[in-house]
Amino acid sequence: MTESTSPAPKSNKTPARPTLKAVRGTRDLLPDQTPLWNHVESTARALFARYGFGEIRTPIFESTELFARGVGEETDIVSKEMFTWEDRARAASEKAQSLTLRPESTAGVVRAYIEHQLGNTGNLQKLYYIGPQFRRERPQRGRYRQFWQIGAEVIGPQSSGSESPLRDAEILEMLASLLTELGIRDWRLELNSVGSAEDRVRYNAALREALAPIKHQMCEDNQRRAETNPLRVLDSKDEADQALINTLPKIADYLSPESKAHFDQVLAALDACGVPYHLNPRLVRGLDYYTRTTFEFTVTTGLGTQNALLGGGRYDGLSEMLGGPRAPGIGFAIGEDRLILTLQAQAEADNISTAAPKLDAYIAPLTPAQNPAALSLARELRAAGLTVEVGDGTFKLRKSFDIADTLARHIILLGEDEAATNILTVKTFASGEQTKVPRAKLAGALR
RNA sequence: GCGGCUAUAGUUCAGUGGCAGAACGCCGCUCUGUGGCAGCGGAUGUCGUGGGUUCGACCCCCACUAGCCGCCCCA
């Protein structure tokens, strides 16, 4: 912070500088918001630790090619939603390269897994991350250009058990526990298997064949999807097309015996844990890398049309797509912004405040002469672990009380008497009780 | 990227082609070491930005920007 010692004289003629604002789709989280964010994040961290996950922090930008190869060139995310720029070479030893703000984190995590040869440990890697992601979409409630995801990946060589249906079920059970622990009430788990890469090829062919004679009866979007990505037709919300969509072949009928057995074991483990789910044969994910188990948790409170709270699935071929060893994996990403919106909407419905808790004490020096002693007392109490704010001796007592009541549970009056005797006057707002407390016993009395 | 709605005080919102408003909040006083209630008083602001129409625009028109809703997409 720099202090301006010689303020320029203000002239009425000086045109005001244009106000700078957070750019479209980004926002500031102010101190009235961040306690809830921190609560969500610390709850997630503690829970992930119980499941043996460790935190990974990957760069916020990566080479564009990573996302092109990992997420898929043809996906909307890569083809039209990325913040990409050309980073020019600055020296002969540097190469110009295309860089991109990460639109999701799984590709980066798998890149790190390959780069650091984490598979060579032979152990299953359980990694989680919390951080911002960037997509150039039209902003809306629950959809921002910089948004936050809390995600986790389970990945490793086959010998580590990374392909086991137990991993899928463990992830889903963990998510159910997290949402429950956070107090999300009306979550719903939608579950599907999109099969192995080979299953998908056969299913896609069947879909195209089934769509060919009927697609012209569908809406424009679905006609386009029928050509470019038939799976996405299943996702369509177009009401008029629903009847036709229901006649299309089901992915379940195209799963190989292995894929089906895998999925059945996932379901069996979920049943054993008592985690409720809804099979949704039309649940397909937008990223190319998903295979077999795919899922989505939705909520009905607070999000409007953006009701997907989190999504994820298995990505058995992603490592190879990025030039790495065979390393099956499964992961998810929670839309933290949406999670917060849901919690806030619930709190509002319940008439519960999400405000930060009050400070333990507010110290009110009664005259400016008491200011130094007030700060010294604050230092002592803070060192003892209390949360403390200090007023100012120029404030009138009434103002001190007003401020103190909005901020803190107790007010400590520090005037000449108190300074002389080292016995402080403490008033508790909740009870209205006022007592004299020796300085040495103050910290204990305020807890 | 497409369509619709919206933008006025710190906040929530009224408002009329002719002086910019209310409530809450904020500040002061009544009240010099005991607040919250009450009474009285006070300050709020480029009426989102830029153009246009008009004697005159916060109001009508256009463009832009941003937010919200739906689509698309996704978390």
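Per chain, numbering begins at 1; letters A, B, ... match sequence-line order.
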Across nucleotides 24-32 of chain B, 5' to 3', mark each nucleotide with B, S or - according to how protein heavy atoms within less than 4.0 Å reach it.
-----SBB-
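Residue A/Arg232 places at least one side-chain N or O under 4.0 Å from the OP1 or OP2 atom of B/C74.
Heavy atoms of A/Arg338 sit under 4.0 angstrom from at least one base atom. The residue A/Gly311 sits close only to the backbone: its heavy atoms come under 4.0 Å of sugar-phosphate atoms, none of a base. Residue contacts shown for A/Gln434 include a base, since a base heavy atom lies under 4.0 Å away.
Atom name P, nucleotides B/U46 and B/A20: the rounded distance is 14 Å, in whole Å. A gap of 27 Å separates the P atoms of B/U11 and B/G18, to the nearest Å. Atom name P, nucleotides B/U8 and B/C47: the rounded distance is 11 Å, in whole Å. For B/U49 and B/C58, the C1' atoms lie 14 Å apart once the distance is rounded to whole Å. Taking the C1' atoms as reference points, B/C26 lies 9 Å from B/A43, given to the whole Å.
Residue A/Phe147 and nucleotide B/A75 are classified as a stacked aromatic pair, their ring centres being separated by less than 5.5 Å at an interplanar angle below 30°.
In this structure, the nucleotide among B/C68, B/C71, B/A75 sitting nearest to the side chain of A/Gln140 is B/C71. Taking the side chain of A/Arg24 as heavy atoms from C-beta on, and the options B/U34, B/G67, B/G1, the nearest nucleotide is B/G67. Proximity note for A/Thr425 (side chain, C-beta onward) versus B/G33, B/C68, B/A75: the nearest is B/G33. Closest to the A/Leu413 side chain, of the nucleotides B/C69, B/U34, B/C74, is B/U34.
Judged by atom type and distance alone, A/Arg138 does not reach the base of B/C71 through any side-chain donor-acceptor pair under 3.5 Å. The base of B/G1 lies outside donor-acceptor range of the side chain of A/Glu81, with no N or O pair under 3.5 Å.
Heavy-atom nearest nucleotides on RNA chain B were determined for A/Val23 and for A/Glu296, and the one closer to the 5' end corresponds to A/Val23. The residue among A/Phe395 and A/Arg136 whose nearest nucleotide of RNA chain B is located toward the 5' end is A/Arg136.
In this structure, B/C5 shows a glycosidic angle more than 90 degrees from zero, which is the anti conformation.
Rounded to an integer number of Å, the gap from OH of A/Tyr144 to P of B/G67 is 10 Å. Summarising the geometry, the separation between CZ on A/Arg135 and P on B/C74 is reported as 8 Å, rounded to the nearest angstrom.
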Secondary structure of RNA chain B in dot-bracket form (Watson-Crick or G-U wobble, distances below 3.5 Å, | marking inter-strand pairs):
(((((((..((((....[..)))).(((((.......))))).....(((((..]....))))))))))))....
